[in-house]
Undergrad: 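Got a structure for you, written out below as structure tokens; questions coming shortly.
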Amino acid sequence: LSFEVKDRAAAGRIGRLETRHGTVTTPTLLPVINPNLPTVPPADMKRLFGAEMVITNSYILRKSDALRERALREGVHKTIGWDGPVMTDSGTFQSYFYKKPIEVSPLEIVEFQKKIGVDVGTILDVFTTPEKTREEAVAELDETMRRAKEAVAAKNGMMLAATVQGGVHVDVREQAARAIGALDVDVVPIGGVVPLMEQARYADLARVILASKRHLPSGKPVHLFGAGHPLVFPLAAALGCDLFDSASYAKFAKDGRMILPNGTRSLDEVEELGCICPECDRWKNAAELRRAAPAERESALARHNLHVSFGEIRRIRQAIRDGALWELVEERAAQNPALLDALVALRGENEVTWLERLEPTSGARAFQYRGAHSMHRPGIRRLHNRLVERWRPRSKTCIVLPERPKPYAEGYAAYLDAFMRTGHDFVVDTPMGPIPLELERLYPVAQSVFPETLDADARLVREAYSARFFHHFDGCDVLPADLAEYEALAPELCSLTPDAFEQRRMASLADYQYGPGAAAGLLAGQVTFKRSPGTGGVRNVFADGVHVASLRARDGLLSLRIEGARRLVAALPSPRARIRLDDEPASFVRDGKNVMAKFVVAADSQLRPGDDAAVVDSKDAVVGVGRCQLSGWEMPQFQRGIGAKNTEHAKDD
Ligand SMILES: [Zn+2]
């Protein structure tokens, strides 16, 4: 397998797919090249639009005598005029479109793709349409699986794509994904979705993608077959689709239609081009483009369509690097009601639970509210669940502080000593709901931007969480704060317990990050701090004089030092807080090398991208600290790439 993940946000990822004709950065769009009449020359695809890989149709190549002879003689790359990676489709779509089987056997078409030297060939699967009953979908899946197994046996050196079908039946999709995922295939397309996109059934599309992704190994790149409109790219990428293909740019151009990030407009119905791409820039207005010769107009529209499509791909990649992919998805959904329906389909308990299992612990940028879906993001669900399940109150009385400018603890700095001495718990009333004052710097609490007035949906989420959170306390002991009371106390208590608040912060953080028992293990003994000379903020955390952890300014989370990792391993049963390796790869980590995913024997399934974990050998001895690039549960599913970056190693300590 030749796919690795370099960065991630939501369930989306920046990946590297290696082929014999070069490496591709995903998510990406594969423009469809029509070997008979390319609307845009393949050479321009790379130069003007940044295409890294193209897709063409092996069935069409094989059908024409001239093309077949040339492809067999010179190979597919020369035939279509593209020297980068080439994927081919197999005729599945043609048999669906013309409603009759194609006149070539499934095995023959795989053999043909091999002979013409494609980089990624595709099986001839059965296109199960949304109208098919469950029984029909199962019968068609049986046939697709028979062909997939036959193709795997014949693939030799060619990378093979085997498609997940199953119609709109979630359980059949799940069954298909498990069966395909167990085969030796290199790319997994999700097929049969073109009718859903044509009918703007995006909620069904989201369900189909989720059902498939949940049961596919994380380490395989997923291609959303036939997804050519940028409208669906952000949502599909956020659900973990890596590859898209577009014939739409050419088809829409032929029909005189302009693709836009939020929909499609006919050239006939607009006065202004309203687009800043280099192609539109060449024309004074829509009327001038309408008057152009038909071939020139079609070419201009196709180029515009490609600019818009690739622009959206680049926006998605940047959003992943920024940790802001949900923001982009919500922005697009605000422009298209059918996409809003898809977001609503992602709010179910099962859906959010799966999405949370991939959600990184923090992002490079602040959490930005975008609308009614924002409070449904999996990162908020995690925050709420962990505060209900992992956070331990120290008393039965909770004092609710009004929200102040962030960081909250600074707003209350004058009272912190007094607060600590009462022995009560103090929480801040935030847009995300009640947050213990000591956890206010945690991502995304401190790093968030909300409007003054929350929408009704966000208020419902907040209220449901508040009710669960306040179960920590006896109902009658949740009290609003009377700050004057603490103001009166402050002078004589000032600075008597300068570290008490920070000690409470570290204990709450340890349990929040690693679960019950973590604070007791990590922070046993006398806890002291090294503070930043400039800001006075805590940087390093010591337990009995040993540096066990540091506080990350960026996201307010603890990062582990090697002694901290040892303490966690001693306190928590395996596999909690751990990534376990065999002894030989463990020795590389001891020397400072990263944790390669393929060497991971087991890992704590609760670890998320961004978490620090103890890296241990077969005897549970700590050899290093790894910052997770992948979630713990998915590490063993990758054959390539880094599972966790080495931040500390045992050799030097
Ligand atoms: Zn344009």
Side-chain angles (χ1 to χ4, degrees), residues 25-34 37-55 81-82 84 197-198 200 202 224 226-237 243-320 325 327-336 338-339:
T25 301
T26 65
T28 196
L29 174 64
L30 283 52
V32 174
I33 304 294
N34 181 340
L37 66 159
T39 322
V40 174
D44 283 358
M45 289 291 181
K46 193 175 293 180
R47 191 171 58 86
L48 297 179
F49 310 105
E52 295 179 57
M53 184 169 178
V54 300
I55 184 166
W82 173 265
M197 289 184 281
E198 285 172 349
Y202 300 134
L224 191 62
H229 200 297
L231 192 60
V232 301
F233 294 171
L235 173 74
L243 302 170
F244 306 100
D245 61 279
S246 174
S248 306
Y249 75 92
K251 281 187 193 158
F252 284 37
K254 204 174 167 62
D255 297 342
R257 290 194 290 163
M258 302 178 76
I259 288 177
L260 301 170
N262 58 354
T264 311
R265 293 297 302 266
S266 166
L267 181 62
D268 289 339
E269 66 184 33
V270 295
E271 288 299 316
E272 311 290 341
L273 285 171
C275 171
I276 54 164
C277 84
E279 196 55 44
C280 290
D281 204 38
R282 291 176 48 218
W283 306 89
K284 204 160 63 197
N285 52 35
E288 192 186 66
L289 179 53
R290 274 198 294 271
R291 285 195 300 270
E296 192 178 8
R297 186 172 60 230
E298 186 181 331
S299 164
L301 286 177
R303 286 160 189 267
H304 157 86
N305 290 344
L306 285 167
H307 277 300
V308 170
S309 301
F310 277 99
E312 193 70 350
I313 292 288
R314 289 192 292 272
R315 230 169 268 129
I316 289 168
R317 290 187 192 165
Q318 187 59 44
I320 294 175
L325 189 51
E327 274 89 341
L328 181 61
V329 173
E330 290 170 25
E331 282 165 27
R332 292 300 179 233
Q335 299 166 331
N336 186 298
L339 278 175

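Starting from 1, each residue takes its place in the sequence as its number. Only heavy atoms go into these numbers, but all of them, side chains included; no hydrogens, no water, no symmetry mates. Whatever order the structure lists them in is the order used to number ligands and atoms, beginning at 1.
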Undergrad: Suppose the criterion is side chain to side chain donor-acceptor pair (under 3.5 Å): which pairs have a residue in residues 244-257, not counting sequence neighbours?
TA: His223-Asp245
Undergrad: Around the Zn ion (ligand 1), how many protein N, O or S atoms are there at under 2.8 Å?
TA: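 N, O or S atoms of the protein closer than 2.8 Å: 4.
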Undergrad: Evaluate whether atom CD of Glu272 has more than 12 neighbouring non-hydrogen atoms of other residues, nucleotides or ligands under 6.0 angstrom away.
TA: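 Atom CD in Glu272 is not crowded, with 12 or fewer foreign heavy atoms closer than 6.0 Å.
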Undergrad: Would Glu331 and Arg315 pass as an ion pair if we require N to O under 4.0 Å?
TA: no
Undergrad: Looking at Leu267, is its backbone amide N or carbonyl O close enough to the side chain of Arg290 to form a donor-acceptor pair, meaning the two atoms are under 3.5 Å apart?
TA: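 Pair found, side chain donor or acceptor close to backbone of Leu267.
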Undergrad: Are any non-hydrogen side-chain atoms of Ser309 and Phe49 less than 4.5 angstrom apart?
TA: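 No, every pair of side-chain atoms sits at 4.5 Å or beyond.
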Undergrad: Would Arg265 and Leu260 count as a side chain to side chain contact (heavy atoms under 4.5 Å, CB included) here? Give the steps.
TA: CA-CA 7 Å; Arg265 293 297 302 266; Leu260 301 170; 3.6 Å; yes
